[in-house]
Amino acid sequence: MAQDAVELAISGMTCTSCAARIEKKLNKLPGVHATVNYATESAHIDVDGAVDLAQLISTVEQTGYAASPVESAADGDAEVSSLRRRFWISAVLAIPVVATAMIPPLQFPGWQWMSLVLATAVVGWGAWPFHRAAALNARHGAATMDTLVSLGVLAAYLWSLWALLFGGAGEIGFTMGHGMDSSGPDLYFEVAAVVPVFLLAGRWFEARAKRNSTAALRALATLASPEASLLVDGAERRVATSTLTVGDVFVVRPGERIATDGVVLEGRSAVDESMMTGESVPVEVGPDSTVVGATVNVDGVLTVRATRVGADTQLSRISRLVIDAQSGKAPVQRLADRVAGVFVPIVLVIAIVTLAAWLLISRDPNAAFTAAVAVLIIACPCALGLATPTALLVGTGRGAQLGILIRGPEVLEDTRRVDTICLDKTGTITSGAMSIVAVVTAADADPVEVGFLAAAVEKGSEHPVARAIAAGLDVAPADDFTNVRGLGVRGVVQGRMVAVGRPAWVAEVVGAADLESGLSHDIDRLQAAGSTVVAVGWDGAVRGAIAVGDTVRESSARAIAGLRGLGLRPVLLTGDNRAVANVVAAELGIEDVYAGLLPEDKVTAVRELQGQGRKVAMVGDGVNDAAALAQADLGIAMGGGTDAAMEASDLTLVRPDLMGAVDAIRLSRRTLRTIKGNLFWAFAYNVAMIPLAAAGLLNPMLAGAAMAFSSVFVVANSLLLRRFQPTSIHPPAR
């Protein structure tokens, strides 16, 4: 049966050349687009034809590797355990071989034959994974890193075996020291034994590091609650979370994980959302609050109605975004792939040329053999193949832990280039919710009474301004409530007719001759500052006014400073009027302001900036921002926003905080720097070491150690990204 997308776990890959071969083979199938990732040992396959799962697995197996669906893949810990065991046994066997070969006083009569026995065990069993992979690749006409290792180890072993049996090296009294006086041809049993040990150590550390680099994604997968307390006819029943449907009502007790995304129907509690947002402070929730599946209910009992289940939950969407990002390839990876694809054949040619040149020039078979084997062993494309995917794994995984979701690896390049950042106002810079900004009163009025009576009347209205005034106040609703559309509301509170609304209308309703001059001045001042102002009056006078506005987020000023520190020029794009936009811009120090914009106008503004040669990032959260997010060179969607905004973005911030944009750009740029640093050292290593080996200046044992170290270094350097800390912990310098 054809599938839209398939995730396969691939085993048997030993370098990036293996991944390239599998990818090439899969992409030859009709309607298949595959991306194989060596670091994650997986294949992400988009299928648009009549190709089923069995055919995909068969294609991988025909290439010489094993594949299985991700769900049934073996635990990576087994690979780590196997490599550890193979390394330690091989190391114990190799130590006597190296010691007797390199320290002549330890050489006893017949020591060569002991070296043969121990080296045979290491070459035959310890190095078996390299030989097996080399044979499989050779069967398919391909050469990989394992080909180089296997040839180098076997060459050292077979040369030594010939020297021992037919070259006189097996005679009693034979002393061998590579450079010391010898009574026959050199033995290289120590090379054949110790090179696999070094490489197994490198593979073991590499496998452990790769497991660590995917820890964030594995942690996400284990967060979901397996069971839920479904509420049916007033009775609770434990059911599997996977059986929940939209509309089901379930109960969450203190300490339990919330089964799926939903809305609170009853109860109040604090919810720990740190696994989603990276924010350690629990969030207070109550009736009508939205909650996210897999977050932890801290103290109260909640009754929740499910709004999203299964693959539609926020946790599932986060996991998919992280997987997509880790499965893709950054532009810088393509160069490494092209180099790795031709690297091994070139190295084989260099080794043959080295052997021939030494034989022609020096006529010393020992020197020629040593140089050729060193070339084979030192030239490993492993570090090159690990440079990009391991950094991408760790960077995107750390981002997921902090509530920063990177849609794909190409986004990393975009974050490096942007120099201008456009910011939506409502819900991005501001909280997106109305709240009371100020309460002003006439000379003889009590502000507490003004607020209390206004809240009682507004209790009966669903208008955003009314909800802001009545929020958090436990007051009884007014009697005889009347809503006069566009003007205000009125009702009877404690026997008094109270009106709340436009100042002129309130004055008319309560029979006031005019507004007190001081109150009138305060109303004008608040309106000029961009607030929505309603007057409150009763008993023949306008007693006061309440200003309501969408307040600037506490962190926005610091976020703007952080964005400037990253070299970005902030631009405000808003649908609000010019007066409101200017007030917000002035508070945050933003100089470029575009006000009164419709959604299509925001797209035009972004294009205008791009036309000036700027690379533009856009931050927004609503449907009206989706087109601008898509138009921008880098789209950043704020958490809590609409699905349309998130789908159009390159980066998604789970936490609705503009500081997340600062952290997202910092993390993306640091990940890209790590990738480029890894690639530099991987290229530099091969460029420097191969000529040294060909010149006979590198012992094959040292070559094996250096090759293993290069891979471990690249992975370890990538793992430093796990130490990345958000700006909230280390504020930007002013």
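Along the sequence shown, residues carry numbers from 1.
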Decide side-chain contact (heavy atoms from CB on, under 4.5 Å) for Leu29 and Leu56; before the verdict, give the C-alpha distance in whole Å, the side-chain angles of both, and the deciding distance to 0.1 Å. CA-CA 9 Å; Leu29 296 174; Leu56 294 172; 3.8 Å; yes
Under 3.5 Å, side chain of [X] to main-chain N/O of [Y], donor-acceptor pair present?
X      : Y      : result
Arg398 : Phe724 : yes
Thr260 : Gly293 : no
Asp424 : Val619 : no
Arg670 : Gly395 : no
Arg669 : Thr415 : yes
Arg21  : Thr63  : yes
Arg257 : Ala294 : yes
Thr241 : Ser225 : yes

[X] side, atom [atom1]; [Y] side, atom [atom2] - distance, nearest 0.5 Å:
X      : Y      : atom1 : atom2 : value
Leu651 : Ile404 : CG    : CD1   : 8.0 Å
Glu227 : Ser242 : CD    : OG    : 10.0 Å
Leu629 : Lys602 : CG    : NZ    : 9.0 Å
Leu200 : Ser82  : CG    : OG    : 9.0 Å
His131 : Leu151 : NE2   : CG    : 10.0 Å
Ser668 : Arg673 : OG    : CZ    : 11.0 Å

With Arg614, which of Leu609, Ile421, Val418 fulfils side-chain contact (heavy atoms from CB on, under 4.5 Å)?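 So, applying the side-chain contact (heavy atoms from CB on, under 4.5 Å) to Arg614 and each of Leu609, Ile421, Val418, only Leu609 qualifies.
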For Asp261, run the side-chain contact (heavy atoms from CB on, under 4.5 Å) check against Val292, Val291, Val246 and tell me which one passes.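 Running side-chain contact (heavy atoms from CB on, under 4.5 Å) over Val292, Val291, Val246 with Asp261 returns exactly one hit, Val292.
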Could you walk me through whether Thr59 and Val32 pass side-chain contact (heavy atoms from CB on, under 4.5 Å), step by step? CA-CA 12 Å; Thr59 301; Val32 169; over 6 Å; no
Kindly indicate whether the side chain of [X], heavy atoms from C-beta on, has any atom under 4.5 Å from the side chain of [Y].
X      : Y      : result
Pro69  : Val6   : no
Leu563 : Ile665 : yes
Asp633 : Arg417 : no
Ile45  : Leu26  : yes
Leu653 : Asp663 : no
Val616 : Val571 : no
Val606 : Gln631 : yes
Met618 : Leu573 : yes

Identify the two heavy atoms, one from [X] and one from [Y], that lie closest to each other, and give their separation to 0.1 Å.
X      : Y      : result
Ala391 : Ile675 : CB-CG1, 3.5 Å
Thr243 : Ala240 : OG1-O, 2.6 Å
Ser150 : Phe130 : CB-O, 4.1 Å
Ala228 : Leu244 : CB-CD1, 3.9 Å
Ile10  : Ser42  : CG1-C, 4.0 Å
Glu61  : Ala66  : CG-CA, 4.4 Å

Give a yes or no on this: more than 12 heavy atoms of other residues, nucleotides or ligands lie within 6.0 Å of atom CZ of Arg132. no
Do Glu608 and Thr604 have side-chain atoms, one donor and one acceptor, less than 3.5 Å apart?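 No.
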Going through the checks in order, is the side-chain contact (heavy atoms from CB on, under 4.5 Å) test met by Val309 and Asp248? CA-CA 10 Å; Val309 297; Asp248 282 348; over 6 Å; no
Apply side-chain contact (heavy atoms from CB on, under 4.5 Å) to Val60 and Lys25, showing your working. CA-CA 8 Å; Val60 174; Lys25 196 80 170 179; over 6 Å; no
